Amino acid sequence: MSSVLDQRSAPPAGAPRPAPPRRRTRLLALPEARWALAASVLFLLALPVHLLNGPAWLWGTLFAATYVTGGWEPGRQGVKALKDRTLDVDLLMVVAALGAAAIGQVLDGALLIVIFAGSGALEALATARTADSVRGLLDLAPTTATRLLPDGTEETVDTGRLAVGDTVLVRPGERIGADGRVVDGASEVDQATITGEPLPVTRRSGDEVFAGTVNGTGALRVLVGRDPSDSVIARIVKMVEDASATKAPTQLFIEKIEQRYSIAMVIATLAVFAVPLAFGDTLSSALLRAMTFMIVASPCAVVLSTMPPLLSAIANAGRHGVLAKSAVVMERLGEVDTVALDKTGTLTEGTPHVTDIRPLPGSGLGKDELLALAASAEHPSEHPLARAVVTAARERELPLADAAGFASTPGQGISATVDGRRIVVGAPDRPADGDTAHRPHREVVAGLEAAGRTAVVVLRDGIPVGVLGIADRLRPDAAATVAALTRLTGRTPVLLTGDNARAAERLAAEVGITDVRPGLLPQDKVAAVEEWQARGRKVLVVGDGVNDAPALAAAHCGIAMGRAGSDLALETADAVVVRDELAAVPSVVRLSRTARRLVLQNLAIAGAFITVLVAWDLIGTLPLPLGVAGHEGSTVIVGLNGLRLLRAAAWPRPTEDAV
């Protein structure tokens, strides 16, 4: 809205705020992605030629190129791991693929190569995009600020040159350049990036403000209180980076035993080859037995025991609006036993709405007339509360009269002339009310504020005629989601919010949350998460804002609400609820637990096949074709078992009980 303090600097009505530039790594800028794409294209070219019995030299050449392009990156990483005296399962996959090709299973080996190359590319992209968002967060803070000199003159300086004790001028619509305290002026400041509060807060002399937050309608003079490198926004960047770097390495279940299994398989293969030779067996017979052993003992079926259920769960979740960024994420979601929820934009829609319309006795106004009168006066304003009032009037299709002489006073409200009457819409304690201690509207205001609403008084020619209640609207599925998460984890979720205690406790009571932690800055949310995890809990954090990003990174698993989520939250989170359906959170947790059960089933099946085939090869004489058939058969069985989660019926309905 326009400002009576500085009309010239106010942004034009309806003008969008400039967004910080986006710096995102392109997919094909990553070498892993280029190798994976090349391998996939070559595989798709070779596949029809092979299936249609085309020239062997053609499909053989194409498959060989697939092996080289797709196996190069995991093979290189495997060799690096060998230098560190560890045996990487990716290297074994390359060896297994080459072993399959050596006995004529060229297609199976190429498919294994393509799957692993694609998985590596997706992991590299997720890592790069997260780094992009962390760097982009620094763009929230302005690069320049207006510093006031002792003689009263102004100079434009880089924010990095600001020092503690400097005074800066922040004009309407500008981002604040440094953390500090207001020494002169009054304005409404949008602090959503730091505290997550849904509405701008009034800031006057003595109040603290943060770098990167957006000044509203008034001019502020701010005394710099922290070095720019130590601002809250800079500390958020550091917390996200530190949490991402120190978070325990994520591993799929099977990866936890890969070292022992891989080393044992290599040693056993060499023994199966060497021992018969030592007892007089022929070279060809010993080599055939060892080759058969390597094929039947290779971890292909074991690896596929894990991936198809998790990948199928990812695909099913994606169809229902939940993007899980990796198979590791899908596995970890099922492990959580504690849930921490943000308030604004997560449990609520993040946008203020008119909830109450209370005409006062003697005003002669009905609800529609009161709302239309307030909306007519508020129409020129860009304040979120004003937009809520105008939106409510439009939803009721109420006619709005023209307003003249519009003026705004930061932290107090607006005034305008509507149909020849002076209309004032503002805070209950505005000076224009005069002595209102005994006026009827005070009881209405007190009742609305006790219910957690923001009360707005409407005055006509200086006399209160009604009160509007405005609040951030609770998501329709919030209470059911809290109940479902309670059944799943055995604990009621915790509310972590930067909002004030009264609003937080009121909302928590509506959804059934008893543990409420209001007024938290980003570092406070991280501290709460780390405290739980130090006790051995596996914490799921659900949030949407920049202020939630450090906690999302520090948690065992983080889910971001997609529609209104900040870029940093979306990139930092392990999963994103694209459609903003809060009920999808417990559903995806249940789906993850189902996938984990299928993984265990598949591991049992694969282990049984491997045990029988290996015993047959060692005790008797297992024909190579039968060994390949048994190995491939087990692979097909565990693969099909995992694909069961692709069915639409596998997605848990929000009303289902937890399992």
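What's counted below: heavy atoms across the whole structure, side chains too, no hydrogens, waters or symmetry copies. Only a predicted model underlies this, so the values are computations on that prediction, with no experimental measurement involved. Positions are given from 1 along the sequence.
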S.K.: Check whether more than 12 heavy atoms from other residues, nucleotides or ligands sit under 6.0 Å from atom CG of Asp461, and answer yes or no.
M.R.: yes
S.K.: Over all heavy atoms of both residues, which pair between Ile513 and Pro493 is shortest? Give the atoms and the distance, please.
M.R.: CG2-O, 3.4 Å
S.K.: Counting C-beta onward and ignoring hydrogens, is there a side-chain heavy-atom pair between Pro550 and Gln523 closer than 4.5 Å?
M.R.: no
S.K.: Could you tell me whether a side-chain N or O of Thr486 sits under 3.5 Å from a main-chain N or O of Val482, the two making a donor and an acceptor?
M.R.: yes
S.K.: Between Thr338 and Val539 (side chain of the first, backbone of the second, donor and acceptor by atom type, cut-off under 3.5 Å), is there such a pair?
M.R.: no
S.K.: Looking at CD1 of Ile357 and CG of Leu370, how far apart are the two atoms once the value is rounded to the nearest 0.5 Å?
M.R.: 7.0 Å
S.K.: Of all heavy-atom pairs between Trp651 and Ala317, which one has the smallest distance, and what is that distance?
M.R.: CZ3-CA, 3.6 Å
S.K.: Give a yes or no on whether a salt bridge exists between Arg475 and Asp477, defined as a side-chain N under 4.0 angstrom from a carboxylate O.
M.R.: no
S.K.: Arg221 side chain to Val183 main-chain N or O, any donor-acceptor pair under 3.5 Å?
M.R.: no
S.K.: For Leu474, is there any backbone N or O sitting under 3.5 Å from a side-chain donor or acceptor partner on Thr348?
M.R.: no
S.K.: Which heavy atom of Ser587 sits nearest a heavy atom of Pro652, and at what distance?
M.R.: OG-O, 3.0 Å
S.K.: How long is the span from the CG atom in Leu540 to the NZ atom in Lys538, to the nearest 0.5 Å?
M.R.: 13.0 Å
S.K.: Going by heavy atoms in the side chains, are Thr167 and Leu223 under 4.5 Å from each other?
M.R.: yes
S.K.: Is any NZ, NE, NH1 or NH2 atom of the basic residue among Arg147 and Asp166 found under 4.0 Å from an Asp or Glu carboxylate oxygen of the other?
M.R.: yes
S.K.: Give, for atom CG of Leu373 and atom OG of Ser363, the distance between the pair rounded to the nearest 0.5 Å.
M.R.: 10.0 Å
S.K.: Any salt bridge between Arg537 and Asp337, counting N to O under 4.0 Å?
M.R.: no
S.K.: Evaluate side chain to side chain contact (heavy atoms under 4.5 Å, CB included) for Val445 paired with Val457, printing each intermediate quantity in order.
M.R.: CA-CA 8 Å; Val445 168; Val457 178; 4.0 Å; yes
S.K.: Main chain of Gly366, side chain of Glu369: is a donor-acceptor contact present, judged purely on distance under 3.5 Å?
M.R.: yes
S.K.: Where do Val516 and Ala504 come nearest, in terms of heavy atoms and distance?
M.R.: CG1-CB, 3.7 Å
S.K.: As a quick check of understanding, evaluate side chain to side chain contact (heavy atoms under 4.5 Å, CB included) for Leu582 and Val577, giving each step before the final call.
M.R.: CA-CA 8 Å; Leu582 190 59; Val577 181; over 6 Å; no
S.K.: Considering only heavy atoms from C-beta outward, does the side chain of Pro586 approach that of Thr481 to under 4.5 Å?
M.R.: yes
S.K.: Which value, rounded to the nearest 0.5 Å, describes the distance between Asp524 atom CG and Thr497 atom OG1?
M.R.: 11.5 Å
S.K.: Might you point out which heavy atoms bring Leu400 and Ala375 nearest each other, and give the distance in Å?
M.R.: CD2-CB, 3.6 Å
S.K.: Val339 and Val494: side chain to side chain contact (heavy atoms under 4.5 Å, CB included), yes or no, with the steps?
M.R.: CA-CA 6 Å; Val339 180; Val494 181; over 6 Å; no
S.K.: Enter the distance from Asp356:CG to Lys367:NZ here, rounded to the nearest 0.5 Å.
M.R.: 8.0 Å
S.K.: In the structure I gave you, are the side-chain heavy atoms of Asp179 and Val222 within less than 4.5 Å of one another anywhere?
M.R.: no
S.K.: Do Val542 and Asp342 come close enough that some side-chain heavy atom pair is under 4.5 Å?
M.R.: no
S.K.: Tell me the closest heavy-atom pair linking Asn215 and Val170, and the distance in Å.
M.R.: ND2-O, 3.3 Å
S.K.: What's the verdict on side-chain hydrogen bond (donor to acceptor under 3.5 Å, both in side chains) for Ser415 and Arg422, showing C-alpha distance, side-chain angles and the deciding distance?
M.R.: CA-CA 7 Å; Ser415 60; Arg422 192 62 178 167; 2.9 Å; yes
S.K.: Salt bridge or not between Arg226 and Glu208? Use side-chain N to carboxylate O under 4.0 Å.
M.R.: yes
S.K.: Can you measure from CG (Leu468) to CD (Glu378) and round to the nearest 0.5 angstrom?
M.R.: 8.5 Å
S.K.: Quick one: does Val529's side chain get under 4.5 Å of Val541's, heavy atoms only?
M.R.: yes
S.K.: What I want to find out is whether Arg171 reaches Glu154 closely enough, with some N-O distance under 4.0 Å, to be called a salt bridge.
M.R.: yes
S.K.: Please walk me through it: do Val189 and Val214 pass side chain to side chain contact (heavy atoms under 4.5 Å, CB included)?
M.R.: CA-CA 6 Å; Val189 178; Val214 181; 6.0 Å; no
S.K.: Side chains of Ile423 and Thr417, heavy atoms from C-beta outward: is any pair under 4.5 Å?
M.R.: no
S.K.: Could you tell me whether a side-chain N or O of Thr355 sits under 3.5 Å from a main-chain N or O of Gly469, the two making a donor and an acceptor?
M.R.: yes
S.K.: Less than 4.5 Å apart, any side-chain heavy atom of Leu495 and any of Asp515?
M.R.: no
S.K.: Identify whether the distance between the nearest side-chain nitrogen and carboxylate oxygen of Asp548 and Lys525 falls below 4.0 Å.
M.R.: yes
